[in-house]
Amino acid sequence: MAAEPVLLPEATWWRQAAVYQIYPRSFADANGDGIGDLRGIISRVPYLAELGIDAVWLSPFYPSALADGGYDVADYRDVDPRIGTLAEFDEMVTALHAAGIRVIVDIVPNHSSDEHAWFREALVSPCGSAARERYIFRDGLGEHGEIPPSDWDSVFGGPAWERITEPDGTPGQWYLHTFAKEQPDFNWDNPEVREDFLKTLRFWSDRGVDGFRVDVANLLVKDLPETLPSRAELDALDRDSGTHPLMDRDEVHEIYADWRAVFNEYDPPRTAVAEAWVDSPVRRAKYASPDGLGQAFNFDLLTADFDPEAFRRIVTENLAQSATTGSSSTWVLSNHDVTRHATRYGLPPLGDRKGVKQGIEWMIAGAPADGVDPALGLARARAATLFLLALPGSTYLYQGEELGLQEVGDLPAEARQDPAYHRSVHQPAWSYDGLGRDGCRVPLPWTSSEPSFGFGPGGAHLPQPEWFGAYSVEAEESDPASTLHLYRTALRLRSTLQGAETLDWVETPGTALGFTRPGGWLTITNFGQEPVELPVGELLLASAPVENGLLPGSATAWLRVPDAAASA
Ligand code: GLC
């Protein structure tokens with residue numbers, strides 16, 4: 001059993017790293033404009049260091065009109081003036097590195113903002129010009145080109161094509177936007193686009209960035225014939241074949257091979273993790289190839305119920321897949337796109353929710369509401385997190401989950417910013433509740449009493465509910481049983497326990513699931529309601545009080561057991 005922290009060799013630091021996602025606009029606001037900023041992050045480096053994470057991943061902080069929370073990038077090689085400056089970025093990297101925390105930034109290559117200089121140039125340039133060739137422009141159908149080139153929907157709802165006005169003032173061509181209309185898709189067949197992204201990767205790598213999170217990595221390459229397939233035709237196509245016209249095409253990996261060559265120019269090589277919502281672990285593994293991005297998010301647990309069979313199957317499948325590429329698995333329960341897991345786990349099981357009335361009833365506003373049980377959600381969230389942190393591979397944590405923060409379900413419509421909400425109000429989109437993604441992006445509560453709960457001196461860009469104070473860092477600091485203390489202890493212990501990237505399942509009672517890691521680190525999660533008896537061993541940590549050797553329902557315990565007993 002290793003007693004000392006296992007110091008991961010530099011070049012492989014990412015393999016079992018705990019990475020904390022910062023959504024910069026909602027983390028900490030130093031200048032009081034209601035939007036989080038780099039100075040805010042710098043001021044919280046001691047907090048991050050105490051939390052015990054290995055790296056931070058920053059969602060976009062680039063200049064942006066915020067049509068999609070910053071995922072509409074107007075300039076890939078600058079900082080939004082509301083968030084900071086390049087000099088402050090450098091200062092932040094230095095401060096984080098000095099605290100032993102690596103830095104991952106978000107790269108958004110499928111689309112830019114419609115305010116990007118290239119798109120503006122395209123709008124004032126003629127049809128067929130080099131400027132238009134950087135994006136995907138098409139003539140419309142119909143006598144006057146008034147019908148969009150195809151009937152495709154955008155991911156956020158509504159049509160995927162937007163018509164422009166030509167420089168001479170006449171209605172003109174249409175451009176493709178897989179997401180909001182302010183996010184025109186790049187044409188990745190164009191070498192200029194490819195070159196520009198290599199430049200961006202070098203730009204941030206030169207500034208000391210350790211890695212990249214690659215936004216919708218599976219969508220870049222498209223095969224768009226003269227006559228486009230209809231939505232119905234697209235829906236009928238196999239998404240897993242590598243030949244779908246719009247997603248997960250095999251050729252996309254040629255791009256990532258070029259990126260890998262850039263990453264390997266650096267010492268240690270820069271890392272990358274693909275956000276690729278593909279259908280199977282087999283397809284996902286392609287993104288995680290060492291000749292490509294090296295790692296890919298695995299969202300399987302995030303989209304599963306709190307259920308031992310599902311957890312076991314998902315872990316087994318994904319460990320097997322990552323072994324085929326030599327990558328490490330990744331584990332995620334929350335991020336800026338989904339309902340926070342402390343709330344999600346308080347909802348009825350997914351199967352029971354399909355087709356039922358969706359909306360505010362499913363969310364919480366500080367107290368149990370119909371259909372949601374925040375106390376159960378939190379207990380399960382704590383249990384699931386300890387389960388996750390014990391797995392081989394790296395874990396991605398989302399800001400606020402270390403506080404057990406719940407989703408804010410009752411944001412007024414006029415306060416909501418998410419285009420997924422506004423473009424598809426009438427259908428569930430991008431979260432289980434159909435309310436969009438603002439509820440997990442509400443600025444963090446740092447204190448229980450100050451205005452904006454210590455987020456900043458000038459209010460918060462999304463309204464914080466009154467009950468946020470109870471989840472604040474300040475409130476949780478003084479409560480030894482808080483989720484914050486659980487995360488801190490777990491992360492610290494984890495760094496001493498992590499060893500070889502393997503696990504063995506152990507025999508457990510029906511509602512429980514257990515596994516050991518080399519060195520005798522045993523994890524038992526009780527997915528049921530009735531307590532289960534823990535095996536003999538030294539109790540290291542539990543997500544709920546263990547009495548008389550009994551692990552309560554919806555809880556996880558970590559134990560140290562003799563190695564032989566672990567593998568028996
Ligand atoms: C990714 C991001 C999401 C964004 C979308 C379009 O899925 O995580 O927040 O809206 O891509 O860039």
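Both counts, for ligands and for their atoms, begin at 1 and track the order of listing. Note that this is a predicted model, so its numbers are computed, not measured. Residues: numbered from 1 along the sequence shown.
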query: In terms of heavy-atom contacts, does NZ of Lys222 have more than 12 from other residues, nucleotides or ligands at under 6.0 Å?
result: yes
- line: Near Arg213 (heavy-atom distance under 4.0 Å), the atoms of ligand 1 are 2 (C), 8 (O)
- prompt: For Trp277, is at least one N or O under 3.5 Å away from an N or O on ligand 1?
  reply: no
- prompt: Shortest non-hydrogen contact from Ser328 to Gln295?
  reply: OG-NE2, 3.2 Å
task: Run down the list Asp215, Asp68, Val155 and name the one with the heavy atom closest to atom 11 (O) of ligand 1.
output: Asp215
- prompt: Is it the side chain (CB and beyond), the backbone, both or neither of Gln21 that lies under 4.0 Å from ligand 1, heavy atoms counted?
  reply: neither
statement: In Phe197, Tyr76, Phe61, Phe263, the residue satisfying ring-ring contact (aromatic ring centres under 6.0 Å, His included) with Trp204 is Phe61
message: Show the atoms of ligand 1 that are less than 4.0 angstrom away from any heavy atom in Arg441.
response: 9 (O)
field: Atoms in ligand 1 flagged as close to His111, the criterion being non-hydrogen separation under 4.0 Å
entry: 6 (C), 12 (O)
message: At less than 4.0 angstrom from any non-hydrogen atom of Asp337, what atoms of ligand 1 do you find?
response: 2 (C), 3 (C), 7 (O), 8 (O), 9 (O)
- request: Would you mind listing which atoms of ligand 1 come within a distance below 4.0 Å of any non-hydrogen atom of Arg437?
  value: 3 (C), 4 (C), 9 (O), 10 (O)
message: Side chains of Asp210 and His97 only: does a donor on one sit below 3.5 Å from an acceptor on the other?
response: yes
task: Locate the shortest heavy-atom distance separating Leu228 from Pro149; write the atom from each residue and the value.
output: CD1-O, 3.7 Å
message: Taking the basic N atoms (NZ, or NE/NH1/NH2) and the acidic carboxylate oxygens, is any pair closer than 4.0 Å for Arg207 and Asp90?
response: yes
query: Any side-chain donor paired with an acceptor under 3.5 Å for Glu275 and Tyr287?
result: no
query: Going by the order shown, which atoms of ligand 1 are within less than 4.0 Å of some heavy atom of Phe156?
result: 10 (O)
